[in-house]
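Each remark here refers to the structure printed beneath this line.
Just so you know, residue 1 is the first one in the sequence shown, and it goes up from there. Keep in mind the model is a prediction, meaning the values are calculated, not measured.
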Amino acid sequence: MIKQIKHKTFSRDKSIDELHYGTEKWSVELDFSAFELPFLRQLIKSYPYKNTIPNLFENIQLFIKQLDKFEGELPILIKEIRNHNNQLEGKLECNDVSCDDFYLDEYNQLSENIFDYLQEYKNLKIEIYRFMSGIIPNP
């Protein structure tokens, strides 16, 4: 497992452009995950493994189930990013602190959700890589 860090946000003084940039970075990261998830599933299902590994099939099925979970959450997060990015335009019309706080709180919550998703996904990939490195035959 990789080192776990807590999500921190530093968005209170960010401009609209900086918030938009943050959402664009999330989109790029999640777009890559959308490409990577099916590849990992295909790699796991390809079975180029030693057949003497105990519980091989069970472990593979567990990884596929976890990949399915991440793949299912991905479109929801992408939609939330798009919606939030569109809503950020409303922040320009804010005339008071409570209005600004609303948009920043929404941004911070989405930021935490994406941070958690990506951290858990990276941990799963490490588990898969560790498992597979022990079962792929050496040339």
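- The distance between the ring centers of Y107 and W26 falls below 6.0 angstrom.
- Formation of a donor-acceptor pair under 3.5 Å by the N108 side chain with backbone atoms of L104 is found in this model.
- Side chains of L62 and Q66 form a contact here, defined as non-hydrogen atoms less than 4.5 Å apart.
- Side-chain contact between I114 and I81 is present, with heavy atoms from C-beta onward closer than 4.5 Å.
- Listed for the Y117 side chain is a donor-acceptor partner under 3.5 Å among the backbone atoms of F70.
- Two residues are said to be in side-chain contact when any heavy atoms from C-beta on lie closer than 4.5 Å; D68 and R41 meet this criterion.
- For the residue pair Q109/N113, the side-chain donor-acceptor check at 3.5 Å is satisfied.
- Using a cutoff of 4.0 Å between basic side-chain nitrogens and carboxylate oxygens, E120 and K69 are scored as salt-bridged.
- Side-chain atoms of L118 and S33, non-hydrogen and from C-beta on, do get closer than 4.5 Å to each other.
- Atom CD1 in I44 sits 11.0 Å away from atom CD in Q42 (nearest 0.5 Å).
- Minimum interatomic distance between Y121 and E36 (heavy atoms only, all atoms of both residues): OH-OE1, 2.7 Å.
- Smallest separation of non-hydrogen atoms from L37 and L74: CD1-CD2, 4.0 Å.
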